[in-house]
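Atoms within each ligand, like the ligands themselves, are counted from 1 in listed order. Residue indices begin at 1 and follow the sequence shown. As a basis for the values below, the full set of heavy atoms in this structure was taken, side chains included, without hydrogen atoms, waters or symmetry mates. The structure displayed is predicted, hence computed values, not measured ones.
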Amino acid sequence: RHRVGVLISGRGSNMAALVAAAKAADCPYEVVLVASDKPDAAGLTHAAEQGIATFSLSPKGMAKAEYEAAIDGALREAGVETIALAGYMRLLSGDFVAKWRDRIVNIHPSLLPAYKGLDTHARAIAAGDREAGCSVHVVTEELDAGSVLAQARVPILPDDTPDSLAARVLVEEHRLYPQTLAEYVTR
Ligand code: GAR
């Protein structure tokens with residue numbers, strides 16, 4: 001099976017969805033490493049409980065190149081072929097992305113190219129949009145700009161807050177990401 005490394009920064013619910021899907025015998029990928037830039041990320045505990053190798057390193061006080069070299073080393077040591085970003089809230093450098101060209105994917109909580117960056121749900125509500133959603137895309141140097149592999153849409157309801165909308169979108173993220181990653185690694 002294709003070896004996937006997942007990078008997280010927090011809760012890790014998308015990582016958990018990727019891991020859960022990989023339990024199916026016909027899933028074409030397995031998650032071999034979960035790595036975090038936040039040593040206290042809740043997702044690390046879940047990954048360890050699932051018997052998955054974890055790696056964490058805070059970039060505080062390190063040069064970006066040094067930090068990324070450590071992450072790169074951990075991924076390569078684990079034999080990772082494709083990296084799935086799952087709530088990893090740090091921009092990867094052009095050098096890092098170039099080393100993994102077309103082998104990094106991300107899930108973003110908007111219908112790209114709309115609302116790159118942060119606070120996507122608050123921005124969609126403030127704009128009066130009727131629809132929101134999530135996108136799985138290939139990672140390039142430019143933030144949230146690589147080619148979109150798949151999207152899922154949800155309605156924005158009149159009483160929505162950013163939190164209620166995020167919860168509705170998250171259900172779709174957990175469905176879309178495993179399916180899209182499975183297709184991507186068998187492309
Ligand atoms: C998810 O909604 C993901 O789409 C978003 O952060 C959340 C992480 O939740 N990602 C980004 O905003 C990337 N810029 P999770 O840790 O429970 O998967």
Take every heavy atom of Ile107, measure it against each atom of ligand 1, and state whether any distance is under 4.0 Å.
yes

Determine whether Asn14 and Leu170 make a side-chain contact, defined as any pair of heavy atoms from C-beta on separated by less than 4.5 Å.
yes

Could an N or O of ligand 1 be found under 3.5 Å from any N or O of Gly87, whether backbone or side chain?
no

Report yes if Glu173 has an N/O atom closer than 3.5 Å to an N/O atom of ligand 1; otherwise report no.
yes

Would you say that Leu118 contacts Met89 through its side chain, given a criterion of any heavy-atom pair below 4.5 Å between the two side chains?
yes

For atom 16 (O) of ligand 1, find the nearest protein heavy atom and state the residue, atom name and distance (0.1 Å precision).
Gly12 N, 2.8 Å

Atoms of ligand 1 close to Ser13 [distance to a heavy atom under 4.0 angstrom, numbered from 1]
15 (P), 16 (O), 17 (O), 18 (O)

Is the number of heavy atoms from other residues, nucleotides or ligands under 6.0 Å of Glu141 CD greater than 12?
yes

Any N/O of Asp144 closer than 3.5 Å to an N/O of ligand 1?
no

Please check if any side-chain donor atom of Tyr115 sits under 3.5 Å from a side-chain acceptor atom of Asp129, or the reverse.
yes

Yes or no on side chain to side chain contact (heavy atoms under 4.5 Å, CB included) for Glu172 and Arg153, after CA distance, side-chain angles and deciding distance?
CA-CA 8 Å; Glu172 295 305 311; Arg153 316 177 92 84; over 6 Å; no

Is there a side-chain contact between Val138 and Asp102 (heavy atoms, below 4.5 Å)?
yes

Test item: side-chain donor near acceptor, Thr120 and His108, under 3.5 Å
no

For atom 11 (C) of ligand 1, grab the closest protein heavy atom and report residue, atom and distance to one decimal in Å.
Pro109 CD, 3.6 Å

Identify the closest protein heavy atom to atom 9 (O) of ligand 1: which residue and atom is it, and at what distance?
Arg11 NH2, 3.1 Å

Evaluating non-hydrogen atoms only, which member of Asn14, Val6, Leu85 is closest to atom 18 (O) of ligand 1?
Asn14

Within the 3.5 Å criterion, strictly below it, is a donor on His174 or Ser13 matched to an acceptor on the partner's side chain?
yes

What's the shortest distance from atom 13 (C) of ligand 1 to any protein heavy atom, and which residue and atom give it?
Met89 SD, 3.8 Å

Polar proximity ligand 1 side, Tyr88 side, N/O cut 3.5 Å exclusive:
no

Taking the non-hydrogen atoms of Cys134, is any one of them nearer than 4.0 angstrom to ligand 1?
no

